[in-house]
Undergrad: 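This is the structure, below, for whatever I ask next.
Here is how names work: the chains are called A, B, and so on, in the same order as the sequence lines, proteins then strands, and each is numbered from 1.
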Amino acid sequence: MRIVVGMSGGVDSSVAALLLKRAGHEVIGVFMNNWEEEDENGVCTSERDWADVRAVCARIGIPYYSVNFAKEYYERVFTHFLDEYRRGRTPNPDVLCNREIKFSAFLRFAEELGADKLATGHFARIGEANGEYALLRAADENKDQTYFLYQIGQEALSMAMFPVGGLTKPEIRAIAREAGLPVSDKKDSTGVCFIGERNFKKFLSGYLPAQPGDMVTPEGKVVGRHDGLMYYTLGQRRGLGIGGSGDGRRWFVVGKDIANNRLIVQQGEDSPLLYSAACEIEDLRWLAGHAPAADGEEFACMARLRHRQPLQAARAVIHGDRARITFDTPQRAITPGQATVLYQGELCLGGGTVDTAGSAGGRSYRG
RNA sequence: UGGGGCGUGGCCAAGCGGUAAGGCACGAGACUUUGACUCUCGCACUCGCAGGUUCGACCCCUGCCGCCCCAG
């Protein structure tokens, strides 16, 4: 089989390519450069990564290419990312990036190269359920990345391969080391995919105008000033700069009053306003291509509201293009704009974007 | 300008003769393909200022400065 491997310059995708090559496939390594900008220190990480991809491919003995989807990334991912921040929400660009770039634009590029499959170094597995392709959680529960992949759909699943999804991180590093790959001990990358680790406030300020305003308690008492609502997210503690006031406990963001440009803050990690046992999600996406249950029919599942969060027992009811998720245990800082991903056993069903936390039509943090 | 109290790092706050607790904030790491949370370190050669007593003072004495309260 001819297989295109999306290579980031990291250990996971490098080992993915290695394993496919060993299995006798015709492997082509392709590096994507989707963000042409240095970080605040003038460092261009992608140069370093591209160099690593070349070194790894040379070591494995496969051809390699570099493609640039910066335009697509900006138009299909980054624009939406900024729009969400303008709305006072907290988007997850990597979820969109997988759907729009890696498993869309990049997938088409692979097909143009005559690829039968597109492989990546994601921690996830592909299986089958009811005659359809299914996305399954990774063998390494600690590294599972299905949270970022829940929007990709059947077509992508039919073409995708995740060669390292059945391995643990230590196993992957061991394989890389034995094979003499130059990236065997390279640190895992973090930060927004393709953009990298940034001083978030500084980074955002370069794209969105800041509108300072008051920080107020739920009772309306002004306790400080904020630099712009988009710089804060629900449940956030650091960066408020109002320590020492009040009863001395830590302050957390518990809401955003968009209409009045006020950030609502409260003291204490146990603030009831930070917890909610339910949420409404929108923009539903199901990996099977169709909903897991009929409209209005409640079903049990497990869910997570953020990457690496332990799965939470929940019940879901779909109604049209939205769904209501109720958790057995109240969840901390359910944040509009973030993804809620549902599971049943090893199977990742899909999910949606949090619109509001709490009861429908009741208190929300949209403002 | 009679009486009483107070002044410790950005904020709050222990210490009350033996060589500056703690919390919040902040900074740096760790964790992490979002944003966060969390964790671990770090953070006053100095205690409003100036003198004095003492082997030794943030803690005792004197003066000054600045707040607060009660009286008038």
Undergrad: Please work out if Asp144(A) contacts a base, only the sugar-phosphate, or nothing of the nucleic acid, heavy-atom cut-off 4.0 Å.
TA: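 Nothing, no heavy atom under 4.0 Å.
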Undergrad: Using a 4.0 Å heavy-atom cut-off across all strands, classify Thr335(A) as base, sugar-phosphate, or nothing.
TA: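 Result for Thr335(A) = base.
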Undergrad: Between His307(A) and U33(B), does any side-chain N or O lie under 4.0 Å from OP1 or OP2?
TA: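 His307(A) to U33(B) OP1/OP2: side-chain N or O found under 4.0 Å.
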Undergrad: Salt bridge between Asp188(A) and Arg173(A), side-chain N to carboxylate O under 4.0 Å?
TA: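 Arg173(A) and Asp188(A): salt-bridged.
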Undergrad: Would you check if the distance from the ring center of Tyr73(A) to the ring center of Phe69(A) is below 6.0 Å?
TA: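 Ring centroids of Tyr73(A) and Phe69(A) are no less than 6.0 Å from each other.
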Undergrad: Go through C24(B), G35(B), U34(B) for me and flag the one nearest to the Arg237(A) side chain.
TA: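 Per side-chain heavy atoms of Arg237(A), the pick is C24(B).
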Undergrad: Distance check: side-chain N/O of Arg250(A) vs OP1/OP2 of C24(B), anything under 4.0 Å?
TA: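 Answer yes for this pair, as a side-chain N or O of Arg250(A) is under 4.0 Å from OP1 or OP2.
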Undergrad: Can a side chain N or O of Arg308(A) be found less than 4.0 Å away from OP1 or OP2 on U34(B)?
TA: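 Answer no for this pair, as no side-chain N or O of Arg308(A) is under 4.0 Å from OP1 or OP2.
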Undergrad: Look at the side chain of Asp94(A) and decide which nucleotide, out of U33(B), G35(B), U32(B), has an atom nearest to it.
TA: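 The nucleotide sitting nearest to the side chain is U33(B).
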Undergrad: Is the gap between the ring centers of His307(A) and Phe148(A) under 6.0 Å?
TA: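 When the ring centroids of His307(A) and Phe148(A) are compared, they turn out to be within the sub-6.0 Å range.
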Undergrad: Hunt down the Watson-Crick or G-U wobble partner of U46(B), both distances under 3.5 Å, from any strand shown, or write none.
TA: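 Looking at the geometry, U46(B) pairs with no nucleotide.
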Undergrad: Pick the C1' atom in G56(B) and in G17(B), then give their distance to the nearest Å.
TA: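 Going atom to atom, C1' in each nucleotide, I get 8 Å.
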Undergrad: Taking the C1' atom in each of G4(B) and C41(B), what is the distance between them to the nearest angstrom?
TA: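 One C1' to the other, the span is 45 Å.
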Undergrad: Just to be sure I understand the rule, does Gly121(A) reach a base, reach only the sugar-phosphate, or reach nothing, if contact means heavy atoms closer than 4.0 Å?
TA: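 Contact class for Gly121(A): none.
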Undergrad: Could you pull out all residues at least two apart from Arg54(A) that satisfy salt bridge (charged side-chain N to carboxylate O under 4.0 Å, His left out)?
TA: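 Checked Arg54(A) against salt bridge (charged side-chain N to carboxylate O under 4.0 Å, His left out); zero matches.
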Undergrad: Reading RNA chain B from 5' onward, which residue's closest nucleotide shows up sooner: Gly241(A) or Leu149(A)?
TA: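 With Gly241(A) and Leu149(A) compared, the 5'-side residue is Gly241(A).
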Undergrad: Is Lys143(A) touching bases, backbone alone, or none of the nucleic acid, heavy atoms closer than 4.0 Å?
TA: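 The residue Lys143(A) makes sugar-phosphate contact but no base contact.
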Undergrad: Pick the P atom in C67(B) and in U8(B), then give their distance to the nearest Å.
TA: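 C67(B) and U8(B) have their P atoms separated by 14 Å.
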Undergrad: Sequence neighbours excluded and cut-off under 3.5 Å, please list the side-chain donor-acceptor pairs for residues 291-299 of chain A, or say none.
TA:
from	atom 1	to	atom 2	distance (Å)
Asp295(A)	OD1	Gly320(A)	N	3.1
Asp295(A)	OD2	Gly320(A)	N	3.1

Undergrad: Taking the same atom, P, in A44(B) and in C6(B), what whole-Å distance lies between them?
TA: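 Per the computed distance, 27 Å lies between those P atoms.
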Undergrad: Between Tyr343(A) and Thr146(A), is any side-chain donor less than 3.5 angstrom from a side-chain acceptor?
TA: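 A pair is found: one side chain offers a donor N or O, the other an acceptor, under 3.5 Å apart.
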Undergrad: Taking the side chain of Phe252(A) as its heavy atoms from C-beta onward, which of C37(B), U33(B), A36(B) lies nearest to it?
TA: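 Of the candidates, C37(B) comes closest.
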Undergrad: For Gly196(A) and Gly248(A), find the nucleotide of RNA chain B closest to each by heavy atoms; which residue's nucleotide sits nearer the 5' end?
TA: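 Looking at the nearest nucleotide for each, Gly248(A) comes out on the 5' side.
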Undergrad: Where does C37(B) land, syn or anti, given syn is within 90° of 0?
TA: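 You should classify C37(B) as syn.
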Undergrad: Between A13(B) and U1(B), how far is it from one C1' atom to the other, in whole Å?
TA: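 Result for the C1' pair: 32 Å, nearest Å.
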Undergrad: Which one, U34(B), U38(B), A30(B), comes nearest to the side chain of Lys187(A)?
TA: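 Looking only at side-chain atoms, Lys187(A) lies closest to A30(B).
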Undergrad: Across the strands shown, which category fits Gln267(A) at heavy-atom distances under 4.0 angstrom: base, sugar-phosphate, nothing?
TA: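 No contact at all - Gln267(A) keeps every heavy atom at 4.0 Å or more from the nucleic acid.
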Undergrad: Would one find a side-chain N or O of Arg89(A) under 4.0 angstrom from OP1 or OP2 of A36(B)?
TA: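 False: Arg89(A) side-chain N/O out of range (4.0 Å or more) of A36(B) OP1/OP2.
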Undergrad: For C61(B) and C16(B), measure between their C1' atoms and round to the nearest Å.
TA: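 C61(B) and C16(B) have their C1' atoms separated by 15 Å.
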Undergrad: Nearest of A25(B), A36(B), G35(B) to any side-chain atom of Thr90(A)?
TA: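 Selected nucleotide (nearest to the side chain): G35(B).
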